[in-house]
Amino acid sequence: MEEVIRLENVKKYYDVRSGLLGSKILKALDGVTLSIWKKETMAVVGESGCGKSTLGRVSLRLLDLTSGRILFKGQDISKMKEDELREKSFRKKMQIIFQDPYSSLNPFMRIGDIVAEPLEIHGYHREEIKETVYRALEDVKLVPPEEFVNRYPHELSGGQRQRVNIARALVLGPEYIVADEPVSMIDASSRAEILLLLKSIRDSREMGVLYITHDIATARYVAERIAVMYLGEIAETGLTPSVLKTPIHPYTIMLLNSVPEPDPANRRRRRLAIKGEPPSPLNPPSGCKFHTRCPVAIERCRTEKPALIEYMPRHFVACHRAEEIMRGTTSVA
Amino acid sequence: MNEALVVEGLRVYYRTERGAVRAVDDVSFGLARGESLAIVGESGSGKSTLGLTLIRALPTNASIISGHVYIDGEDTLSLNLADFRRRYSWRVIAMVFQGAMNSLNPVLKVGEQIAEPLIYNGGASREEARRRAMEMIELVGLPREFYYRYPHELSGGMRQRIVIAMSLVMNPRILILDEPTSALDVTIQAQIINLVKDLIERFSLSVIFITHDVSLASDIADRIMVMYGGQVVELGSAERVLGEAPKHPYTEKLLASIPRLRGETIPEFIPGRPPDLASPPPGCRFHPRCPYVFDRCMREEPPLFKVGEGHVARCWLHGE
Amino acid sequence: MGIYAKLAFKALSLAVVLVSVLLFVVVIFGATGLSDRVLSSIINEEVRLYRQAVAGQIRDPQALEEAVTKYRIELTRSYGLDRPWYERLPSMLLRVITLDLGRARLAQTFAGSNLISDIIMERLPNTVILVSTAIAINFLIGILLGVRIATRPGSRLDKATSFLSAISYAVPTWWLGILFILIFAFYLKFFPYGGLYSSPPPSEPFMRALDVVWHATLPISVLVIVNVGLTIYVTRTIVLNIAQEDFVQVARVKGLPENLVNRRYIMRVAAPPILTNIILGLAGSIGGAILTETVFTWPGMGTLFFEAIVQSDEALILSLVYMFTLVYVVARFILEILYMIVDPRVRV
Amino acid sequence: MSIKLEGGFKIFLSTWTGRAGLALLIILTGVSLYTITVLPIAEISSQWNDPQHWVDFPKSAPPVWVNIFSEKKLLETVTLTASGVQFSGNSKSIDMLYDYRGDSYPAYITLSVEKLRYTGTPPVLVLTIVRPDGYSVEAARLVVPPPRPGESPPIQRFEQAPERVLISSSDEFARNLAQLYGDRFDMPVSPYRIIQEGLQRYLMGSPRGGSTIPLNGVYRFTLTAIQGTGETRIERVRILIGGEAYGMMGTDVIGRDLATGLLLGFPISLFIGVITSVIVTGIGATLGLVSGYMGGKIDNTIQRLADFMNNIPLLPILIFLVFSFGAKLWIIIFAFVAFGWPGLTIVTRSIVLQLRETQFIESARAVGASRLRILARHIFPHIAPFIIAQIIFFTPSFILLEAALSFLGLGDPSLPTWGQILELGFRSAAVYLGYWWWILPPGILIIITSLTFVMISLGLEPVVNPRVRGRTRA
């Protein structure tokens with residue numbers, strides 16, 4: 001198996017102006033390391049503002065990174081300029097699918113032109129373009145394609161638009177795709193359709209996918225591995241079944257507990273909820289960033305930042321009390 | 001009489017350029033005292049319009065074509081608006097509107113916004129009203145000093161708490177919650193839902209909980225009312241509708257589409273899109289998307305069939 | 001950032017604007033050689049006074065000439081006229097800021113002083129009175145009518161107002177002034193042609209005040225008529241948008257009386273954007289005032305500006321550009337403070 | 001894109017403001033084109049500022065059509081002209097007819113002769129007037145100067161400026177009239193009295209009780225060339241009978257034909273408005289695009305500058321600039337451009353910033369689209385309608401601004417504009433004297449021109465900002 005993309009200690013800081021002269025540093029990503037393999041989906045989950053979307057964009061070099069390295073199939077692309085990324089075909093090999101099915105398609109362009117644009121940019125021939133566009137539309141089940149190429153985005157439903165988005169991402173034959181909350185803005189009854197489509201295309205095209213979501217339940221069906229992020233850092237990451245069945249980090253445990261399930265028995269229970277709100281990323285807590293909301297935090301958590309350590313096979317956790325939690329001597333709930 | 005609220009044959013249409021949009025089309029149900037009813041449906045199912053109708057807050061292009069809404073036996077739709085506002089609104093029936101930020105006036109202190117109905121509609125003195133508002137703020141888990149904050153100084157979760165405090169300040173018996181957590185993260189959502197559960201118990205509220213999220217509905221509701229295309233397609237106890245036996249194909253498919261954290265099922269999807277309520281399909285409104293469709297569904301609109309104890313479904317599969 | 005820091009920042013940036021405008025103006029003055037002329041006319045004036053003063057003491061014409069020439073050279077050096085204009089920038093800047101620009105060519109005060117600072121100080125209040133009254137009336141009428149119209153959008157009145165405000169955008173203020181003079185002064189003789197007082201002005205203070213009001217009616221009406229259409233239209237749009245906000249409906253559902261909803265949930269929220277609009281319209285009002293004053297020979301800074309142009313009085317023009325910018329900046333600052341009071345969102 | 005444009009035009013035409021604005025624009029453009037192509041602009045504009053040219057015309061005369069509305073009829077000013085008059089062997093004279101109808105006498109009568117050529121001996125031009133009652137008087141006798149040494153025929157005279165004879169104050173004429181009255185009407189008057197009372201009242205009157213009453217009817221003005229040998233050719237002969245009313249639009253205090261001035265105003269006003277607006281919008285939008293799309297230091301600099309410029313009261317600075325650099329058209333336009341761009345830059349930038357955040361732009365970046373391509377394919381189509389609307393929206397403000405500057409005496413003096421006509425009117429106290437024909441038309445034309453663009457803007461509004469009508473929720 002081949003590693004498609006690898007992020008090494010990637011940091012992304014923003015300079016936020018506040019007041020007359022003062023400026024603060026917003027640490028959107030504070031040292032993230034992860035890698036994605038061919039035919040694999042990595043889900044990144046977390047609350048809004050945890051840096052998961054930034055992570056996706058940085059990995060594609062749509063945003064510059066402050067420090068760290070990004071390797072695409074072994075090649076360091078973290079310092080490349082935009083022109084170089086295009087000329088060396090990296091832009092062909094990495095794509096993104098967006099959350100909003102409405103603002104992600106240029107309303108002035110026909111579906112055919114939207115899907116063809118990437119090919120035009122990379123200098124494909126006319127005949128080739130038409131053929132590729134039709135094949136991509138067929139792949140995302142917008143059939144027959146000739147019926148869709150001349151339509152405008154506003155003539156399509158949310159689900160159909162999202163499929164156009166996927167088609168546009170696919171035409172260049174990418175090896176790495178970032179899917180940024182691809183189903184959060186479409187109706188519940190059509191979500192599964194898009195997710196399953198994404199999964200089957202990933203398999204047939206042998207891509208690596210970074211699936212960004214706030215909804216852990218959807219991650220379960222598409223991702224082989226999960227990374228849980230909190231305030232710009234990875235709190236826990238591992239194989240999906242492992243993380244979901246034996247979550248170790250208190251944040252993961254509580255996050256999983258917050259997710260509602262359609263069970264009528266629930267109304268007699270109170271869900272285990274994380275107290276308070278996430279702290280401002282402009283002024284993150286010292287030590288373990290989760291200690292302010294953690295029910296099992298100890299003094300050490302306040303001062304010392306926990307390292308991401310492998311506690312189970314391919315299952316990493318950044319928590320000082322991971323071992324106690326695993327042994328059951330400390331209970332989060 | 002044990003019913004806090006009874007809705008009978010309610011129809012609400014919107015005037016649009018494309019013609020009348022039948023947002024609520026012949027809806028009837030009852031809400032018992034102390035009961036929680038969840039109204040579940042996708043966007044465009046008419047569930048929010050229904051909520052706005054109950055509290056008489058419809059936009060100007062909507063009109064109530066027919067129907068009755070009885071509270072304590074009085075038909076509140078027959079009252080003129082001013083009477084309704086004086087006697088029922090906020091005192092008897094209150095609502096947490098969708099989108100907390102939009103429900104709060106950006107230039108007034110949140111405490112004042114909570115206290116105002118007490119002064120202007122409850123005859124309380126300013127001092128009393130402030131004290132009561134502060135109590136309410138404490139009740140929803142925020143410090144009393146938040147009385148003096150402005151909406152923009154609060155996070156989404158805090159605003160939602162304020163809006164809930166605001167809805168309960170006049171001690172209403174009936175509370176409508178319209179997607180109270182849809183813009184919040186799951187962690188904050190869990191906090192708010194826990195809070196709502198506490199408050200329901202504490203004040204013995206009769207609750208109408210409007211949501212698109214079946215899982216959330218199951219968290220609060222005694223009974224579930226599923227809406228599709230402006231109509232009630234299934235209504236029954238949570239145990240029956242969400243548990244062993246959903247009786248309408250739409251409910252069944254909706255449940256099957258939910259991704260779950262546990263279990264082996266793989267989520268399904270419903271092909272097609274919701275009906276255009278300006279020109280709904282003939283017969284059963286769900287028939288173009290229904291896996292069990294047969295010819296009668298395309299011709300005749302099914303009535304609500306009784307499918308069990310207090311359980312009805314609008315589907316020909318349950319016809320004679 | 002605290003409210004005081006914000007205010008300080010605003011004051012600072014407006015001060016920067018003021019100084020930059022001055023610098024810009026002074027540079028152009030220097031580069032086009034106009035400043036040389038201003039300075040040499042100041043020197044000439046002082047030399048003339050000096051000659052008069054010493055003429056009594058020095059009898060010998062040659063000695064007198066020598067003394068005068070010596071004095072002139074001294075002055076030339078002290079004013080920096082012997083150096084290129086860019087070296088004089090700082091002193092010129094200071095001169096403008098303190099309005100120390102010598103005497104006007106022809107304009108003078110009522111009492112006969114032709115010192116520029118005296119003239120401007122005499123004219124400034126007249127302009128401020130005219131403009132501020134017009135702005136106040138404009139917004140009073142505009143807001144009242146705008147709110148009223150907002151309650152019935154799409155009505156005939158609403159459409160008429162929108163159209164009238166569009167027309168008023170196309171009408172030059174000064175031309176309307178001329179038209180008003182023609183109609184109300186020339187044909188109907190209801191109002192005077194212009195000026196501040198009748199000639200001779202009434203001696204009794206109350207009658208005198210009344211006389212000013214009588215003279216101010218036409219210019220103020222013109223300023224109001226030209227601007228009020230837009231104010232009505234903008235107020236209407238703002239109020240209409242706010243009235244559709246959810247929190248207004250929530251307030252009604254809360255059982256609050258309608259007038260309270262209007263006051264606290266619509267007007268209170270509309271105040272900041274309406275104020276923004278006043279701030280944006282300020283620059284235009286000042287421009288309109290220059291022209292309107294000119295038309296009605298209202299003895300303010302606008303009429304003075306016109307006189308200065310006609311008389312090619314460079315020093316006076318320079319001072320007036322400075323004064324207009326100053327008035328604008330001060331007015332703007334006052335409104336910004338007001339804005340912070342009405343909008344809690346900027347106070348953080 | 002093309003579908004959008006067509007649809008937009010349809011929406012535009014569906015509004016009555018759009019239709020009215022477009023109709024007005026067509027009329028304005030038509031008048032401007034007529035003015036440019038038919039009138040000799042350069043010649044007329046130089047004539048406009050030459051008081052000599054207008055010396056014969058009645059001063060501050062109202063237009064002739066006021067007679068339709070008023071009881072008392074004003075005498076119209078009449079110009080009798082003959083062009084390319086050839087005097088040779090057979091035809092030694094030309095006739096010009098004046099049909100006099102009125103209760104008052106003309107104010108004056110002038111004869112002017114322009115560009116005369118002769119061969120042979122210098123001619124003498126004699127003007128005789130035959131009254132309706134058949135009596136004739138010699139009114140003027142013009143001796144054309146003889147050839148100077150070295151001059152060879154044809155001899156050219158009155159080339160630079162026309163030779164002008166104010167016959168209504170000619171002593172010679174007065175003597176002739178005195179003789180006529182003495183001989184024929186038995187009413188002895190001295191030439192002195194005739195000059196004093198106005199020669200016209202004797203020329204165009206019949207005696208009545210020691211004075212005269214107007215004698216209406218056709219007067220024949222005959223110009224005869226008395227010449228020994230050779231021929232004479234005159235380019236233009238003009239006899240101007242000055243009345244109290246003149247032309248379609250009247251005259252100003254210098255006697256200028258306001259109709260000409262107003263006509264010249266059309267192309268100039270449109271030119272200033274449209275050109276400035278196009279340049280301002282071009283610069284403003286480009287800076288906004290650059291600022292919004294490039295970001296960083298460039299953005300910061302542009303925004304600071306724009307903010308700063310936005311904080312300056314415009315008119316005083318404009319007055320100052322035009323005053324310092326001189327009132328030339330290009331300086332005026334430059335000043336407008338220099339201070340006009342910031343507003344649009346700020347707005348364009350905010351639109352671009354919004355667009356830049358949209359996911360379709362981000363996805364274009366993700367597939368490797370160059371900045372230029374994103375600007376051209378994705379951003380520009382979105383702001384193009386807005387920019388066009390802005391050009392139209394800005395046009396009236398520049399028309400008004402130029403008029404305001406002109407009114408303050410800072411208009412380009414080489415080009416007559418409506419603002420300048422008003423300025424002179426205001427300065428010559430036309431308002432206080434009630435010379436409404438001098439004040440109203442230029443103002444109304446300024447308003448109509450501005451209004452044209454305002455109406456087009458209104459018509460474009462639903463195209464550029466399609467607002468959702470009504471709210472629907474479900």
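Keep in mind that the numbers below use all heavy atoms, side chains included, and drop hydrogens, waters and symmetry copies.
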Close aromatic pair by centroid cut-off 6.0 Å: C/F324 and C/F305 | yes

Do you know which of C/T294, C/L34, C/V310 has the most heavy-atom pairs with chain D at a distance under 4.5 angstrom?
-> C/T294

Do you know which of D/G425, D/S397, D/A404 has the most heavy-atom pairs with chain C at a distance under 4.5 angstrom?
-> D/A404

Which atoms of D/N310 approach chain C - backbone, side chain, both or neither, heavy atom under 4.5 Å = backbone

From C/L316 CG over to C/I120 CD1, what is the distance, rounded to the nearest 0.5 angstrom?
-> 6.0 Å

Winner by heavy-atom pair count (cut-off under 4.5 Å) against chain D, out of C/M323, C/R332, C/E314 | C/R332

Per side chain to side chain contact (heavy atoms under 4.5 Å, CB included), C/T325 is matched among C/V21, C/I286, C/V19 by C/V21

Contact class of D/T449 relative to chain C, heavy atoms under 4.5 angstrom | neither

Decide whether a cation-pi geometry holds between C/K189 and C/F186; the criteria are a distance under 6.0 Å from NZ or CZ to the six-membered ring centre and an angle within 45° of the ring axis.
-> yes

With distance as the sole criterion, is a donor-acceptor pair present between the side chains of D/E402 and D/S406 under 3.5 Å?
-> yes

Would you mind telling me which of D/L410, D/L408, D/I317 has the largest number of heavy-atom pairs within less than 4.5 Å of chain C?
-> D/L408

Does any heavy atom of chain C fall under 4.5 Å from the side chain of D/F453, the backbone, both, or neither of them?
-> neither

So what's closer than 4.5 Å to chain C heavy atoms on D/I447: side chain, backbone, both or neither?
-> both

Hey, could you give me the CG/CZ distance between C/L240 and C/R152, rounded to the nearest 0.5 Å?
-> 12.5 Å

Given D/S324, D/P313, D/S450, the one with more heavy-atom pairs under 4.5 angstrom with chain C than any other is D/P313

Can we say C/E307 and C/R123 salt-bridge, meaning some charged N sits less than 4.0 Å from an Asp/Glu carboxylate O?
-> yes

Rounded to the nearest 0.5 Å, how far does CG of C/D313 lie from CG of C/L318?
-> 10.5 Å

When heavy-atom pairs shorter than 4.5 Å are enumerated against chain D, which of C/G284, C/S312, C/A185 gives the highest number?
-> C/S312

Could you have a look at C/L320, C/L182, C/T173 and say which one has the most heavy-atom pairs with chain D under 4.5 angstrom?
-> C/L182

Toward chain C, the part of D/M455 with a non-hydrogen atom under 4.5 Å = side chain

Contact part of D/L433 toward chain C, heavy-atom cut-off under 4.5 Å: side chain, backbone, both or neither?
-> backbone

Atom group of C/I290 that falls short of 4.5 Å from chain D, counting heavy atoms = side chain

Side chain from CB out, backbone as N, CA, C, O: work out which of these in D/L440 comes under 4.5 Å of a heavy atom of chain C, or both, or neither.
-> both

By a 4.5 Å heavy-atom criterion (distance strictly below it), what part of C/I317 contacts chain D: side chain, backbone, both, or neither?
-> side chain

Between D/P442, D/A403, D/G409, the one whose heavy-atom pairs under 4.5 Å with chain C are most numerous = D/A403

Assign the ring pair D/F426 / D/Y432 to parallel, tilted or perpendicular, where the plane angle (0 to 90°) is split at 30° and 60°.
-> tilted

Distance from D/L318 atom CG to D/I331 atom CD1, nearest 0.5 Å?
-> 12.5 Å

Hey, could you give me the CH2/CG distance between D/W330 and D/D412, rounded to the nearest 0.5 Å?
-> 11.0 Å

Determine the option with the most heavy-atom pairs under 4.5 angstrom with chain D, choosing from C/Y328, C/Y187, C/W174.
-> C/W174

List the atom of C/A150, the atom of C/V239, and the distance in Å for their closest heavy-atom pair.
-> CB-CG1, 3.6 Å

Chain C contacts, top residue of D/V431, D/V454, D/L315 (heavy-atom pairs, under 4.5 Å) | D/V431

Answer with side chain, backbone, both or neither: which region of C/T32 has an atom nearer than 4.5 Å to a non-hydrogen atom of chain D?
-> side chain

Rounded to the nearest 0.5 Å, what separation is found between the CZ atom of D/F394 and the OG1 atom of D/T281?
-> 6.0 Å

Segment of D/F407 engaging chain C (4.5 angstrom heavy-atom cut-off) | both

Select one option (side chain, backbone, both, neither) describing which atoms of C/V327 are under 4.5 Å from chain D's heavy atoms.
-> neither

